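Here is how names work: the chains are called A, B, and so on, in the same order as the sequence lines, proteins then strands, and each is numbered from 1. Please read all numbers here as calculations on a predicted model, not as lab measurements.
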There are 2 protein chains.
Amino acid sequence: MVKTEKIDSTQERILAAAKRVFLEQGMAGARMQDIADKAGINKALLHYYFRNKDKLFETIFKEVSSQFFPKITDVIESDMPLFGKIERFCSEYIDMLQKNSFMPMFVLSEVHKQPQRFKERFWKNMGPVLARFVGEIEVEMKKNKIKKMSAGQLFLNMVSLCIFPFIAKPLWMVSSGMDEARFKQFMEERKKEVPKFIIESIKN
Amino acid sequence: MVKTEKIDSTQERILAAAKRVFLEQGMAGARMQDIADKAGINKALLHYYFRNKDKLFETIFKEVSSQFFPKITDVIESDMPLFGKIERFCSEYIDMLQKNSFMPMFVLSEVHKQPQRFKERFWKNMGPVLARFVGEIEVEMKKNKIKKMSAGQLFLNMVSLCIFPFIAKPLWMVSSGMDEARFKQFMEERKKEVPKFIIESIKN
DNA sequence: GTCTATAACTCGATAGAC
DNA sequence: GTCTATCGAGTTATAGAC
């Protein structure tokens, strides 16, 4: 080996720590000290790697939100029939969120504070793909393959059913008395239940 | 008049200002100075009325989250048939959120940070009511009035469809290019669309 | 009750040695 | 690259006059 890759480099530990802290606390709530502690270094070194908090946040937000959307692209771009796409769209989405259940809260609460920034940096790729999906739904309606309704409303229904449970996760767990394992199982069932629920509603 | 009620008392102005600021910024992002300014007083006086930021926050959170759930109680406790309840549950809920679109983000992001606190202080009243509603749904399923599925999943679907659009409002507006007026109209349509969508899916 | 002034503190950021 | 020490801005909170 000519080059030694330090597998657990300082930079990587910083990013991992920052991700945890930002996802849990949001930009305003996160503390550089806390990130430094979790990365096992001190604040000065943190600033050495990422000039300031804003740049660090930016990096994490980019990473997180670029994971968050694009897997979906594959499904939409595929040549499956619509019901198949809906099934896979929902189950893939829920699956991804199960592995990253902090993401929706994080992304949404930051978009909520900086909508313009989000639009400029993250929407340009994803927008057209989703627009195409909505267009495809409209075509199926015109052909009377599915019930006629607003395609925008239907799309919003779809993402609501997938994403909301993860945003409401702490509330739901506390309210229903579910523990982590039970919640996981409940979401597992949802991968089938959600598309079934949707298709049941729109099929002719 | 024996007693003069100062209709726009300092305390009330503080609470109104604090509500605005906390709803927009969350606990961590809100500044006492900002609240004081919006209330037209200074920080010292703010501390005179509410010993510290935490106590002030607590008060607002209590007020906001106690508005957030209970209107729903009336609908659930009424003696309408199930489909009627679903219709009114959704339309009332969406209506309430239209007037307070910051609430869901606020409540959820704080519950997310302090789940236990929420459980202890705000769940005791609402829990049983919602449990009764879910129970009623189960009964209708047993009687084969509606399709059989998990009543918990159905209930979660219902609240997801109502609440999520308001959480995603900034994201949705940026993505779809809707302005405030168009979004309002879109939500107006949703008051009919959501219950229709649900009932279409569960009816026999 | 309300104000001015300021203490006390938190936190992001930098200087400078190693 | 990494550390210790410290600065300085911004905030919460209090003292004390009116």
Side-chain angles (χ1 to χ4, degrees), chain A residues 1-64 106 109-110 113-114 117, chain B residues 1-64 106 109-110 113-114 117:
Chain A
M1 269 209 205
V2 179
K3 200 174 161 190
T4 304
E5 287 281 347
K6 204 171 164 191
I7 205 121
D8 216 36
S9 70
T10 301
Q11 169 137 345
E12 279 166 358
R13 279 185 298 123
I14 290 176
L15 286 172
K19 193 170 162 180
R20 269 179 64 194
V21 176
F22 279 130
L23 285 174
E24 282 168 26
Q25 311 290 337
M27 169 68 171
R31 300 285 158 249
M32 294 297 266
Q33 183 65 64
D34 196 8
I35 295 171
D37 290 348
K38 289 209 167 54
I41 56 164
N42 58 30
K43 277 189 295 178
L45 197 53
L46 196 49
H47 282 91
Y48 172 79
Y49 278 90
F50 298 88
R51 193 174 314 286
N52 55 42
K53 190 178 172 180
D54 229 61
K55 288 228 188 326
L56 180 53
F57 179 79
E58 187 84 355
T59 307
I60 299 298
F61 190 77
K62 210 168 218 157
E63 189 204 317
V64 163
F106 172 74
S109 85
E110 297 307 329
K113 283 167 196 159
Q114 300 273 350
R117 174 153 99 169
Chain B
M1 267 206 207
V2 178
K3 198 176 161 190
T4 305
E5 287 280 349
K6 203 173 165 190
I7 205 122
D8 216 36
S9 71
T10 303
Q11 169 137 344
E12 281 166 357
R13 279 185 298 123
I14 290 175
L15 287 172
K19 193 169 163 182
R20 271 177 63 193
V21 175
F22 280 130
L23 283 174
E24 282 168 27
Q25 311 290 338
M27 168 70 171
R31 301 282 156 250
M32 295 296 266
Q33 182 65 65
D34 196 9
I35 296 171
D37 290 348
K38 288 208 169 54
I41 56 162
N42 59 29
K43 279 187 295 179
L45 197 52
L46 197 48
H47 282 91
Y48 172 79
Y49 278 90
F50 299 88
R51 193 174 315 285
N52 55 41
K53 188 177 172 180
D54 229 61
K55 289 227 186 328
L56 179 54
F57 179 79
E58 186 85 355
T59 308
I60 300 298
F61 189 77
K62 208 169 220 157
E63 190 204 317
V64 163
F106 172 75
S109 85
E110 298 306 329
K113 284 166 197 160
Q114 300 273 350
R117 173 152 99 168

Please give, in whole Å, the distance from [N] [atom2] to [X] [atom1]?
| X | N | atom1 | atom2 | value |
| --- | --- | --- | --- | --- |
| A:Ile35 | C:dG12 | CD1 | P | 8 Å |
| A:Arg13 | D:dG1 | CZ | P | 13 Å |
| A:His47 | D:dG8 | NE2 | C1' | 13 Å |
| B:Gln33 | D:dA9 | CD | C1' | 14 Å |
| B:Tyr48 | D:dA15 | OH | P | 15 Å |
| B:Arg31 | C:dT10 | CZ | C1' | 11 Å |
| A:Glu12 | D:dG1 | CD | C1' | 16 Å |
| A:Ile14 | D:dC3 | CD1 | P | 10 Å |

Could you check whether any side-chain N or O of [X] sits under 3.5 Å from a backbone N or O of [Y], counting only pairs where one atom can act as donor and the other as acceptor?
| X | Y | value |
| --- | --- | --- |
| A:Lys55 | A:Tyr49 | no |
| A:Lys53 | A:Met27 | yes |
| B:Lys19 | B:Val64 | no |

Open item on the list: For C:dT2 and B:Tyr49 - does any side-chain N or O of the residue sit under 4.0 Å from the phosphate oxygens OP1/OP2?
Closed with: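 For C:dT2, OP1 or OP2 has a side-chain N or O of B:Tyr49 closer than 4.0 Å.
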
Task: Side-chain N,O (B:Thr10) to OP1/OP2 (C:dT2) below 4.0 Å - done: yes

Task: Aromatic ring proximity B:Phe22/B:Phe57, centre distance under 6.0 Å - done: yes

TODO: Look at the side chain of A:Ile41 and decide which nucleotide, out of D:dC3, D:dA13, C:dA13, has an atom nearest to it.
DONE: D:dC3

Task: Nearest listed nucleotide, side chain of B:Lys43, among D:dT2, D:dA13, C:dG1 - done: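 The answer is D:dA13, which lies nearest to the side chain.
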
Open item on the list: Mind checking if A:Ala30 touches a base, just sugar-phosphate, or nothing, with heavy atoms under 4.0 Å?
Closed with: sugar-phosphate

TODO: Check every strand shown and say whether B:Asn42 touches a base, only sugar-phosphate, or nothing at a heavy-atom separation below 4.0 Å.
DONE: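 Contact class for B:Asn42: base.
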
Open item on the list: If I compare all heavy atoms of B:Val21 with all of B:Lys38, which pair ends up nearest, and what's the gap?
Closed with: CG2-CD, 4.1 Å

